[in-house]
There are 2 protein chains.
Amino acid sequence: MATSKDVAELAGVSQSTVSYVMTGKRPISAATRAKVEAAMAQLRFHPNAGARALAGRRTNVIGLVVRLGVTTDMAGVLPFIDTVTSEAAARDFDVVLVTAEDGTASMLRLAGRSLVDAIVLMDIQAHDERLATAATLGIPVVLIGLSTDNHGLDAVDFDFRRAGALAVEELVASGQRRIVVLGEPPEVAAKDFGFVAGFEDGAVEAARLAEVPIVVLRPEVAGWRGMLELAPRLLEGREDGLGIVARTPQAITWVQQLMFIERLEPGHDIALVGLCTDALAQSFSVPVTNVSPEPDQVSRVAMARVFDLLDTDRPAGRIHLVPPRLTHRETTPPRGDR
Amino acid sequence: MATSKDVAELAGVSQSTVSYVMTGKRPISAATRAKVEAAMAQLRFHPNAGARALAGRRTNVIGLVVRLGVTTDMAGVLPFIDTVTSEAAARDFDVVLVTAEDGTASMLRLAGRSLVDAIVLMDIQAHDERLATAATLGIPVVLIGLSTDNHGLDAVDFDFRRAGALAVEELVASGQRRIVVLGEPPEVAAKDFGFVAGFEDGAVEAARLAEVPIVVLRPEVAGWRGMLELAPRLLEGREDGLGIVARTPQAITWVQQLMFIERLEPGHDIALVGLCTDALAQSFSVPVTNVSPEPDQVSRVAMARVFDLLDTDRPAGRIHLVPPRLTHRETTPPRGDR
DNA sequence: TTGAAAGCGCTAACAA
DNA sequence: TTGTTAGCGCTTTCAA
């Protein structure tokens with residue numbers, strides 16, 4: 001591998017000039033810059049990351065800490081990971097991905113070894129033991145998700161509360177007189193994710209304001225079994241106009257399947273709003289009216305925060321909520337129907 | 001952050017001794033080792049990754065190059081990513097994740113900057129432009145997936161051909177007299193993934209050996225629409241005993257939904273074998289007899305190869321195929337039925 | 001069994 | 001606008 005010294009020699013300049021051409025931290029004449037860049041290209045020069053990190057104090061790597069074990073739905077995390085890496089790449093940063101149940105040790109390692117410049121922490125729980133550690137790392141940390149105590153760290157999240165409200169508002173506006181929210185099975189609810197409660201609270205509050213009865217149903221057991229047990233209570237009172245809010249992709253699938261079995265027509269006999277990405281909403285046999293959790297948007301904002309904290313030395317502790325977006329599809333009647 | 005020099009001073013030894021305690025590359029007396037380790041703990045010492053990479057020539061980081069854009073199913077990649085990172089962590093390695101459509105530039109960067117010690121390349125296509133570059137990187141590269149020309153690189157893959165055969169064999173053994181393989185919509189087939197052809201070839205070959213008619217059906221358009229158009233041909237001749245092989249999670253869902261609509265009972269009126277993980281197979285309303293693509297196993301073997309190439313200097317170019325595993329569930333009748 | 005010292009390849013003062 | 005030079009924190013000869 002060619003070094004910056006090689007480049008300097010070939011270009012007939014000093015090594016520091018090569019460095020300044022790369023970093024742009026001091027003015028370089030056009031002629032010199034051209035010579036250096038030609039030499040770099042000719043030698044296929046890449047600056048050694050280790051040396052760079054050692055001398056400057058930037059690694060150009062950020063750490064992404066995810067806990068896949070706890071994550072609600074697998075497919076759901078990927079858009080975050082994807083957007084985080086692309087946003088990083090756009091700034092010439094790389095991403096070290098850590099998948100650990102308890103990321104505490106990993107974070108201490110990443111920061112302690114000066115392997116990364118900043119950390120993005122995902123899957124935040126209402127009571128999250130990792131945050132105390134994260135706050136003492138000495139490098140910027142941005143949370144994707146909210147905790148009851150963010151320990152002064154910047155946080156970005158989807159506005160789940162507003163999302164729950166939006167789903168209910170759509171159902172009410174389309175004429176439904178009874179709302180059911182399909183909640184989490186006990187394993188997930190026990191995980192202490194703030195967004196589950198937030199979504200449900202938002203839904204309940206919106207129903208209260210609209211003076212429409214609402215009930216949150218939670219399967220006793222996971223899987224289709226739990227869904228079947230819930231079916232009678234779920235479909236109860238549907239003659240008056242029933243609106244179902246499904247909080248997960250899995251729940252959407254189940255509701256659609258249940259309606260097939262019962263020969264109920266989505267959007268006519270029963271209205272359904274799901275919380276899922278647009279792509280998924282469109283893939284169902286009957287396209288689902290959905291509230292999108294905007295993973296791309298959330299990740300993009302989180303990365304903007306990261307670079308913000310890296311460039312300027314702003315005070316941290318800000319919270320950014322990404323608003324939900326509802327798209328009307330075939331599982332809800334046109335507004336004002338009935 | 002404490003440095004190894006600080007540790008050396010506190011322990012009353014030289015800096016090189018501290019280094020040797022960490023690397024274990026020369027014998028250290030028990031007493032000295034104890035002193036040094038105490039000092040390291042007291043100072044919360046973490047060796048600086050950049051300095052280490054610069055002086056030694058190991059970064060203890062491996063690169064994982066994925067192309068999420070092209071990937072067939074999103075949820076399917078996560079187990080690979082998860083296992084790769086865990087296997088790395090077990091060896092005190094970190095993973096830099098790159099998501100790029102064309103990973104060529106990324107690989108050159110990762111290797112050129114000496115950011116990683118080795119690379120794992122995923123989503124290999126039959127004709128994969130990236131492999132020529134990968135082969136000249138000067139660091140170990142292990143492929144997850146097969147190409148027509150592996151360029152002398154080590155490759156690990158699931159045995160899709162055998163998997164296709166296994167699915168058909170199960171259906172034939174359970175008494176089905178006609179086999180339909182539900183293939184890919186045109187966008188995916190066009191991606192030139194060897195595993196699609198491999199799976200289908202394996203299925204066709206097995207049917208030929210068993211002298212059972214087989215047909216591969218490919219939806220014209222993506223989504224449920226394409227599925228509906230296929231329905232008549234799919235269900236054709238089911239009176240004689242029809243066995244369906246669904247190659248993707250999506251296809252399994254569709255087949256189950258179609259059977260619901262047609263009031264056909266899976267495992268009785270029609271037999272179904274799906275290619276998907278055990279976890280997914282169990283989550284369907286009727287648990288699906290499945291062939292598992294064993295992502296954990298594949299990733300584990302791939303990582304073993306990586307460390308093998310890193311430690312010893314073996315010749316590369318080996319191919320490892322992970323055998324499929326079929327689990328009988330409720331969508332196929334007990335063997336010998338009918 | 002241990003220490004001293006010379007770099008690894010870059011960045012960033014300090015000079016000119 | 002450019003060059004000189006002193007490190008960054010580790011690994012690894014070479015000596016003892």
Side-chain angles (χ1 to χ4, degrees), chain A residues 1-37 39-40 43-61 92 109-117 138-139 310, chain B residues 1-37 39-40 43-61 92 109-117 138:
Chain A
M1 283 281 91
T3 72
S4 69
K5 198 173 165 187
D6 301 331
V7 173
E9 269 169 24
L10 179 59
V13 300
S14 78
Q15 201 184 9
S16 66
T17 298
V18 175
S19 175
Y20 286 118
V21 165
M22 291 192 281
T23 62
K25 287 189 180 171
R26 85 180 183 190
I28 302 281
S29 73
T32 306
R33 153 160 286 126
K35 276 192 303 185
V36 171
E37 281 173 347
M40 294 200 300
L43 296 175
R44 283 166 169 48
F45 169 75
H46 286 268
N48 181 291
R52 212 167 200 189
L54 187 57
R57 47 261 282 263
R58 279 304 244 292
T59 64
N60 269 37
V61 176
D92 194 33
R109 192 170 42 77
L110 292 182
R113 291 185 178 179
S114 297
L115 204 303
V116 302
D117 294 330
I139 57 174
L310 244 28
Chain B
M1 283 283 93
T3 71
S4 70
K5 201 173 162 187
D6 300 331
V7 173
E9 269 170 25
L10 179 58
V13 301
S14 78
Q15 201 183 9
S16 64
T17 300
V18 174
S19 175
Y20 286 119
V21 165
M22 291 193 284
T23 61
K25 288 188 180 172
R26 87 178 181 192
I28 302 281
S29 74
T32 304
R33 153 160 288 129
K35 277 191 301 184
V36 170
E37 282 173 346
M40 296 201 297
L43 296 175
R44 283 164 168 51
F45 170 74
H46 287 269
N48 181 291
R52 212 166 200 190
L54 187 56
R57 49 263 280 281
R58 278 304 242 294
T59 64
N60 269 38
V61 176
D92 195 34
R109 191 170 42 77
L110 291 182
R113 292 185 178 180
S114 298
L115 204 303
V116 301
D117 294 329

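Order of the sequence lines sets the chain letters (A, B, ...), proteins ahead of strands, with each chain counted from 1. Owing to the predicted nature of the structure, the values given are computational and were not obtained by experimental measurement.
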What are the two closest heavy atoms between [X] and [Y], and how far apart are they?
X      : Y      : value
A:R113 : B:H46  : N-CB, 3.8 Å
B:P47  : B:M22  : CB-SD, 4.0 Å
A:S114 : A:T59  : O-CG2, 3.2 Å
A:A49  : B:L115 : CB-CD2, 3.2 Å
A:M1   : B:G112 : SD-O, 3.5 Å

Heavy-atom count check: over 12 atoms from other residues, nucleotides or ligands less than 6.0 Å from B:R57 CZ? no
By a strict heavy-atom criterion of less than 4.0 Å, which residues belonging to residues 12-22 of chain B are in contact with DNA chain D? B:Q15, B:S16, B:S19, B:Y20, B:M22
Result of checking A:I28, A:V7, A:T32, A:V21 against A:V13 for side-chain contact (heavy atoms from CB on, under 4.5 Å): A:T32
With heavy atoms under 4.0 Å as the rule, sort A:R57 into base, sugar-phosphate or nothing. nothing
Taking atom [atom2] of [N] as reference, at what distance in whole Å does atom [atom1] of [X] sit?
X      : N      : atom1 : atom2 : answer
B:N48  : D:dC10 : CG    : P     : 6 Å
B:R58  : D:dT12 : CZ    : P     : 10 Å
A:L115 : D:dG9  : CG    : P     : 16 Å

Kindly say whether B:R58 contributes a backbone atom to a donor-acceptor pair with the side chain of B:D117 at under 3.5 angstrom? no
Keeping the roles fixed (side chain from A:N60, backbone from A:D92), state whether a donor-acceptor pair exists under 3.5 Å. yes
Roughly what angle, to 10°, lies between the helix axis at the start of the helix from C:dT1-D:dA16 to C:dA16-D:dT1 and the one at its end, five pairs per end? 30°
Output, in order, the C-alpha distance, side-chain angles, deciding distance and verdict of side-chain contact (heavy atoms from CB on, under 4.5 Å) for B:R52 and B:S4. CA-CA 11 Å; B:R52 212 166 200 190; B:S4 70; over 6 Å; no
Could you tell me the boundaries of the chain B footprint on DNA chain C, defined by atoms under 4.0 Å from its heavy atoms? C:dT1 to C:dG9
Could you walk me through whether A:S14 and A:T17 pass the side-chain hydrogen bond (donor to acceptor under 3.5 Å, both in side chains) test, one step at a time? CA-CA 5 Å; A:S14 78; A:T17 298; 3.3 Å; yes
Quick one: is D:dT12 close enough that its OP1 or OP2 comes under 4.0 Å of any side-chain N or O from B:K25? yes
